[in-house]
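Just below is one structure, and these are the notes that go with it.
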Protein chains: 2
Amino acid sequence: MDASWEVARELGLNQLTLRDVAARVGMQAPSLYTHFDSKLAIYDAMFAQAWADYEETLPGLDATLPADNPREAAYLIGRHFYDYAAGDLPRHQLMNQRIIPGFEPTADSYAPSLRVFEHARVQICALGDVDDDHFDLFVVLIAGLINQHHANDPDGTRYAQLLRRALAMWSDSVGLPSTPAPRSSSSRKAPSR
Amino acid sequence: MDASWEVARELGLNQLTLRDVAARVGMQAPSLYTHFDSKLAIYDAMFAQAWADYEETLPGLDATLPADNPREAAYLIGRHFYDYAAGDLPRHQLMNQRIIPGFEPTADSYAPSLRVFEHARVQICALGDVDDDHFDLFVVLIAGLINQHHANDPDGTRYAQLLRRALAMWSDSVGLPSTPAPRSSSSRKAPSR
DNA sequence: GTCTATAGTTTGATAGAC
DNA sequence: GTCTATCAAACTATAGAC
């Protein structure tokens, strides 16, 4: 698996070949068929690994989310996924796009992806008065920033810096307060900006 | 060129082959080399054509933009590009992503793309108090919606419907008024929503 | 489990006749 | 400009020895 990711990063996700992967672990190409049924099975294992690896980072993220600052929490959640996907083009292409002809993840490989999304949906909706469209817009914003990063500024931080402003805009549209709610008095308050 | 687009739409942009293109116009594959230097030259011509075709639609769009309603104008501009890119996956992939190994548009082919972007930038910035980050966010939103459409709902209208809400959010963040400014009195007014 | 050998296919591109 | 013929290379996958 490590060798597969290396080849994908060096030559591109579509340019992955059994020979290259095998050579990188000191084997011949046909020997890989002892471990994978086909080339697409390798892509499938990579897909599952990418989402499972991300899922494993979530407890660490959740521990850092401030319970009393939904606006900052939204930023940290978005930033977490952005960093994961913007830092690795072939991984992002495999996780979030469909550029491998004939590849469709198996149900088992798809499961971690579904869990991650449901976790995020619940988490985002708990931040405030968030409906399904708001959540979709949240995803659209993050995915859009990741795509523009890879397309226009793959080695820079242009879109990472835009992320803060993008999520401020989103938080405004949802009406998230920027600071903790006052201790006891009436809960109605206006956004600060 | 028409045959190339047909093959790309039926088999996928990456699955374009000289044999398929040639067969579709009743020729043999080698004969294409009279008209194109290489396979990448065909992609280059397709890239140029996609952006040039879009550029030609702009006068028609501009004629419909209401001069006294910047919020609606922003929506129409975004919607126009969304419709163009969401309606044709291989065209969108060629225009806005980098999934063809080794392909990089020539300077001549890239020129229409640059003109379109500069036209949009000037137009969007003229709507109100829009800075460069605002314009980047506008592009991120449209591109994000297009990508999510192709990834999650390629045959539906889920993200086309989100577009209105997305651009309302964006217009709010810029501070665009939703209705024409009052005739003569003080220009300060609050957004309606 | 790994190897060698190879089948079987597809592809982009070139040579040269017409 | 188009054709036939073909090259040269690359790839996935299988067969069968060890």
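Protein chains get the first letters and strands the later ones, always in sequence-line order, with residue 1 at the start of each.
Here Y159(B) pairs with nothing under the ring pair (Phe, Tyr, Trp, His ring centres under 6.0 Å) rule; sequence neighbours left out. Residues passing the side-chain hydrogen bond (donor to acceptor under 3.5 Å, both in side chains) test with T57(A), sequence neighbours excluded: H80(A). Under the salt bridge (Lys or Arg N to Asp or Glu O under 4.0 Å) criterion, D133(B) pairs with R165(A), not counting sequence neighbours. For the salt bridge (Lys or Arg N to Asp or Glu O under 4.0 Å) test, residues two or more places apart in sequence or in another chain that qualify with D88(A) are R9(A), R91(A). For R98(A), there are no side-chain hydrogen bond (donor to acceptor under 3.5 Å, both in side chains) partners, not counting sequence neighbours. Under the side chain to side chain contact (heavy atoms under 4.5 Å, CB included) criterion, H119(B) pairs with L58(B), D62(B), Q123(B), sequence neighbours left out. R121(B) pairs by the salt bridge (Lys or Arg N to Asp or Glu O under 4.0 Å) definition with E118(B), D132(B), not counting sequence neighbours.
Here G102(B) lies out of heavy-atom contact (under 4.0 Å) with every strand.
Between Q28(B) atom CD and dT4(D) atom C1' the separation is 8 Å, expressed in whole Å. Protein atom CG of L32(B) is 12 Å distant from nucleotide atom C1' of dG1(D), rounded to whole Å. Taking atom CZ on F36(A) and atom P on dT2(C), their separation rounds to 12 Å, with Å as the unit.
Below 30°, between 30° and 60°, or above 60°: for Y54(A) and W51(A) the angle between ring planes is above 60°, a perpendicular geometry.
Helical stems of DNA chain D (runs of at least 3 Watson-Crick or G-U pairs, donor-acceptor distances under 3.5 Å) are listed by first residue: C:1-18 with D:1-18.
Remark: S31(A) is in phosphate contact with dC3(C), judged by side-chain N or O atoms under 4.0 Å from OP1 or OP2.
Listed by residue number, there are no residues of residues 3-15 of chain B with a heavy-atom contact under 4.0 Å to DNA chain D.
A donor-acceptor pair under 3.5 Å is absent between the side-chain atoms of H134(A) and the main chain of S171(A), judged by distance alone.
Sequence neighbours left out, not one pair with a member in residues 43-52 of chain B passes salt bridge (Lys or Arg N to Asp or Glu O under 4.0 Å). The side-chain hydrogen bond (donor to acceptor under 3.5 Å, both in side chains) pairs that include a residue from residues 23-35 of chain A are E10(A)-R24(A), where partners are two or more places apart or lie in different chains.
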(Q) I need a per-nucleotide contact map over nucleotides 12-18 of chain C, read 5' to 3'. Cutoff is protein heavy atoms under 4.0 Å; write B for the base, S for backbone only, - otherwise. (A) BBB----

